[in-house]
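To start, the structure itself, in C-alpha cells.
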There are 4 protein chains.
Amino acid sequence: MTDSTAPRRPHTGRRRNEDARTAILDAVLVLLGDSGGAPVTIDTIARAAGVGKQTIYRWWPSKGAVLLDALTGLAGDVVSAPAGETLYDDLAAFLTATFRGTGRASTAAVLRSLVREAARDPHAAGLVRTFTAARREALRELFARHGDEFAPDADLDLLVDQAYGVLWYRFLLEHHPLSDRDAAELARGLTVQAGARS
Amino acid sequence: MTDSTAPRRPHTGRRRNEDARTAILDAVLVLLGDSGGAPVTIDTIARAAGVGKQTIYRWWPSKGAVLLDALTGLAGDVVSAPAGETLYDDLAAFLTATFRGTGRASTAAVLRSLVREAARDPHAAGLVRTFTAARREALRELFARHGDEFAPDADLDLLVDQAYGVLWYRFLLEHHPLSDRDAAELARGLTVQAGARS
Amino acid sequence: MTDSTAPRRPHTGRRRNEDARTAILDAVLVLLGDSGGAPVTIDTIARAAGVGKQTIYRWWPSKGAVLLDALTGLAGDVVSAPAGETLYDDLAAFLTATFRGTGRASTAAVLRSLVREAARDPHAAGLVRTFTAARREALRELFARHGDEFAPDADLDLLVDQAYGVLWYRFLLEHHPLSDRDAAELARGLTVQAGARS
Amino acid sequence: MTDSTAPRRPHTGRRRNEDARTAILDAVLVLLGDSGGAPVTIDTIARAAGVGKQTIYRWWPSKGAVLLDALTGLAGDVVSAPAGETLYDDLAAFLTATFRGTGRASTAAVLRSLVREAARDPHAAGLVRTFTAARREALRELFARHGDEFAPDADLDLLVDQAYGVLWYRFLLEHHPLSDRDAAELARGLTVQAGARS
DNA sequence: ACATAATCGAGACGGTACGTCAGGTCTTTTG
DNA sequence: CAAAAGACCTGACGTACCGTCTCGATTATGT
C-alpha cells in the first residue's frame, strides 16, 4: 500500500533555479513601478530578469499569475490585524494601514496593473478573487472579535464590502485620495451602522 | 454683436452619417450582449454595423471610447432619480434600481467589457471617470435633497462612494450577488451613518 | 590556427524552420500562378503557407522581397548557358530558352507580379536590380566565350541590353509575343552587329 | 438639317473649369518631380491643386490616367522626327534626342512614376500601351523612309523594339546611363542589322 | 563514470487584433 | 449644375503581444 500522491521517482534532473524566480518577481515589481501605465509584457519581463520566456511559463500559468504573485509577496507584509479594545479602534487602525498601503507609489502601480491584467485574463481574475477573498476574511475576523458591539441582525458581509468597496473604487478611479481622515471617518460610519438595529 | 464662436463657413462637405453612428453603437451593444465574454474586436463591430473600420476611428479615438459611448446611452435610461418622502425611501429605490441594472445580463456584459477596455486603454479610462463622476453626482443630489436628515458634519462623498464602492466591488469580483435585500440593507446603513453625529 | 569567422556561440534559441521557408516560397509561386493578376497579399501567402504573418516579416523585409526570392529559385533552373560552336548557335539557343521561359504561364505571372511589386517597393526594386544584373552577366559570359567573332570595338554591354531590352519590353507591354522565330532573328541581328566594325 | 454632333442645348450649368484641369496636371508634375519616389496619392494631388478629389475623378477614370495625361503633354514636345540623308543619321538624331529626354530629371521622375502606376492599375497600363505604340509608330516611319537601305527580309518590328527595349530597360533599371555615345552606337548597330541579309 | 532527466537563456513559431493608409464613391453646400 | 470639402466603404499593410515550441548548454540525480 503506497501513498499515491508521492511520486514514484521523487526528482531527477536539474532543480528549479531560485535566483530565476526572484529575478522574475523583482523585475515585475520594478517594471510595474516605474513604467507609467505602459503595458508590461512578458517579453519585457523576461528581458529585464535576464530569463527565457519559457522559464516564466514553466512556473506560472499566465502573465496575470506572475503579477499577482509579485503582488502578494508585497502586500502580505503591509497589514497585520490589530487587536485593540473597541471595534472602532481596531477598524480605524486597520483601514488606515490599508489605505496607506495603496497610497505608496510602488504598490499602487502594481495593484493597478494587476487589475488591468485580471480584466482580460480569466485566469488572473480567478487569482485576484482568491486574493481579495483572503483580505475580506481578515476584516471579517476583525469584526467578529467585537461581536458584542453588533446589532444581532447586522449584515457583516455588507460592512466588509463597504470598506473594501470604497477602497478599490477610489483607488482605481482616482477621483479622490484615500486619506487617514477618510479611514477614520469610514471606521466611524461602519461602527455606527453595525450597532444600529433596524 | 456677433457670436464669435460660430464659424464663418459652418460646414462644407458631406456631413457625418447619423445612421452609421447609431449602427455602430447598436452593434457594440448587441455584440457585447450575446458574446459571452468573447473579446469584441473593432473589425467585428465594423462588420456588424456594415461600416468601414476607418469610420469608427474617425469619430472615436480608441475601441474603449466606442464601448463607453454605447454604454452611456444605455445607462442614462436605466436609472432615474426618485423623489420620495424620506432619505431612506429614495435611497432604497435608487439602489434597488441600480443593482437591478447591473443584474440584467445585457448591461452586465457591457459594463464588464467596458472595464476590461478601460483597464488597458488610458483614453477609455478617462471616459470611464467622466461616466462614473456623473453617476456619483446623481447620487449626491439625491442625498442633498434630504439635507435635514443629516448630521452637520456628515461626509457626503464618503457615503456616495460606499454605495458605488459596494456596487462595483461585488459586480466585478462576483463573490456575492447584488440582491434587492442588499440594496435595502445598504440604504438603511447609509441612512444611519448620515444621521449619526460623531 | 582557428577560423576567426566562426562565432564562439554559433547560435542560441530555436533555429529557423526550413519547412516554413519553403512553404512560404511555394505558396507564393502557387498563388502567383493561378491568381489571374489578382493581388497576392501577405495575409493570403501566410494563410496558404500555414504560417504566421510575422514569420514572413521576420525573414523578408517586404512583400516584394518574398516574391523575388520565390522567383530567383525558379529562374535559376530555367536557363542554363549552352556551349556550342558559334556565337550565333549559342545565342539562338540561349534566347530561345529564355523567351520560352517568359512564355510559360506560370513563370510569366510570377515575373509580372514581381515587376508590379518592384514598381512601388524600393527594396524590392533593389533586389530586382541584383537579379537582372546576374542574368546580364550570364549573357555577357556567353558573348565572351566567342570573342574571336567580335570587332575589337564592339560594345558588349549594349548588345546584352538590346537582348534583354527586347525581352522585357515585349513581355511587359504585351504588344508582340516572343516567338522562337524572334529569338532566332534577334540572335542573327546581334551576331551581325557584333562582327561589324565601325 | 442640323449638325447632330452639335448639342441642342450647347451647355447648361457651370462649365468645366479649365483652370482646375491645368492646376491638377501641374500639381501632378510638381509632385512627381520633387517627391523622391514618395508615393503620389490622389489626396495629395487634390490638396496641392486646391481641388476636390471628385473633380479629378470626374475627368479621369483613375489615378494612372491623370499621371499619363500629365506626361503626354510633357513628352509630346520633346522629340520630333528628323529628316536627314541616311538611315544612320536620322536614327542617331532620333535616339540621341530621345535618350536626352529621359535624362532630364523632371521627365525621368514622371516616367518612372507612370510605370509604377501602370504596374498595378490595368487602366493606366492600357494607356501606357497606347502611348508606347504611338512612339513605336514614329520610329517605324523613320525606318520606312529609308527602305532602300534595308535587306528585303529585315524584321522592322524587332529593330524598333530593340531601340525602345534598350531605352526602357536601362532607364528603369538604372544600371547604366543613356549617353549620347550609346545612342550613336545603337544607331550604328541597328543600321548594320537592317542592311544585312540573312 | 555515465546515462537520464529536468532546467536554463534564447528566440522562432502560429495566431489575433490593432491602428493606419490609399483608392475610389457618395453627399452636402456654395457659387 | 460644377466645384470644394470631406465622410464613407473597402481592403491591405506592418506591428505588438500572447503562449507554445525547439534548440544547445547546464546541472543534478541514480545506477
Side-chain angles (χ1 to χ4, degrees), chain A residues 9-17 19-20 39-44 46-47 49-63 120-121, chain B residues 9-17 19-20 39-44 46-47 49-59 61-63 121, chain C residues 9-17 19-20 39-44 46-47 49-59 61-63 120-121, chain D residues 11-17 19-20 39-44 46-47 49-64 120-121:
Chain A
R9 183 176 39 64
H11 194 74
T12 308
R14 185 174 184 174
R15 260 82 76 73
R16 177 174 189 177
N17 183 354
D19 290 353
V40 176
T41 72
I42 282 283
D43 286 82
T44 314
R47 192 71 52 93
V51 143
K53 263 205 293 183
Q54 191 62 11
T55 301
I56 298 180
Y57 281 107
R58 205 189 326 274
W59 303 111
W60 291 275
S62 72
K63 188 168 64 155
R120 69 172 163 191
D121 177 0
Chain B
R9 181 173 49 62
H11 193 73
T12 310
R14 186 175 184 172
R15 259 85 74 70
R16 176 172 190 179
N17 184 354
D19 291 353
V40 175
T41 72
I42 283 282
D43 282 85
T44 314
R47 192 72 51 92
V51 143
K53 251 204 298 186
Q54 197 63 23
T55 300
I56 297 181
Y57 281 109
R58 200 187 333 273
W59 301 110
S62 73
K63 188 168 61 158
D121 177 357
Chain C
R9 182 171 51 63
H11 193 72
T12 311
R14 187 176 183 173
R15 263 80 77 72
R16 177 174 190 177
N17 183 354
D19 291 352
V40 176
T41 71
I42 285 278
D43 284 85
T44 314
R47 192 74 50 93
V51 143
K53 252 202 299 185
Q54 198 63 32
T55 301
I56 298 181
Y57 283 109
R58 203 188 331 273
W59 300 111
S62 71
K63 188 168 60 158
R120 68 171 161 191
D121 178 357
Chain D
H11 199 75
T12 308
R14 189 170 179 175
R15 252 70 74 80
R16 176 173 186 179
N17 185 352
D19 291 352
V40 176
T41 71
I42 282 282
D43 286 81
T44 314
R47 194 69 53 94
V51 144
K53 266 208 286 185
Q54 193 60 16
T55 303
I56 298 180
Y57 281 107
R58 204 186 326 273
W59 302 111
W60 291 274
S62 73
K63 186 168 69 157
R120 70 172 163 188
D121 176 1

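So you know, we letter chains A, B, ... as the sequences are listed, proteins then strands, and number each from 1.
Among the protein residues, B/Trp59 comes within range of the sugar-phosphate backbone only, with heavy atoms under 4.0 Å from sugar or phosphate atoms but none that close to a base.
When every heavy atom of D/Ala20 is checked against every heavy atom of D/Val51, the shortest pair comes out as CB-CG2, 4.2 Å. Here the shortest heavy-atom pairing between A/Val40 and A/Lys63 reads O-NZ, 3.0 Å. In plain terms, the two heavy atoms of D/Ala46 and D/Gly52 that are nearest each other are CB-C, 4.3 Å.
Geometric assessment of A/Arg15 against the ring of A/Trp59 yields a negative cation-pi assignment under the 6.0 Å and 45° thresholds.
The distance from atom CG of B/Asp19 to atom P of E/dC26 is 17 Å, rounded to the nearest whole Å. Distance, B/Tyr57 OH to F/dG11 P: 18 Å, rounded to whole Å. Residue D/Arg58 contributes atom CZ, which lies 17 Å from atom C1' of E/dG23 at whole-angstrom precision. Between A/Arg15 atom CZ and E/dA5 atom P there is a gap of 16 Å when expressed in whole angstrom units. What separates CZ of A/Arg16 from P of E/dC8 is a distance of 7 Å, to the nearest Å. Rounded to whole angstrom, the span from the CZ atom of C/Arg14 across to the C1' atom of F/dC23 amounts to 9 Å. For the pair D/Arg47 CZ and E/dG23 C1', the interatomic distance rounds to 15 Å; values are reported in whole Å. When rounded to the nearest whole Å, the span between CD1 of D/Ile56 and P of E/dT25 equals 13 Å.
Mapping C/Ile42 and D/Gln54 onto DNA chain F by nearest heavy atom places D/Gln54 at the nucleotide closer to the 5' end.
Atom CZ of D/Arg47 has 12 or fewer neighbouring heavy atoms from other residues, nucleotides or ligands inside a 6.0 Å radius.
An OP1 or OP2 oxygen of F/dA28 is reached within less than 4.0 angstrom by no side-chain nitrogen or oxygen of A/Thr12. Residue B/Thr55 places none of its side-chain N or O atoms closer than 4.0 Å to OP1 or OP2 of F/dA7.
Below the 3.5 angstrom threshold, one finds a donor paired with an acceptor across the side chain of C/Lys53 and the base of F/dG14.
When the nucleotides E/dT4, E/dC8, E/dC18 are ranked by their closest atom to the side chain of A/Asn17, E/dC8 comes out on top.
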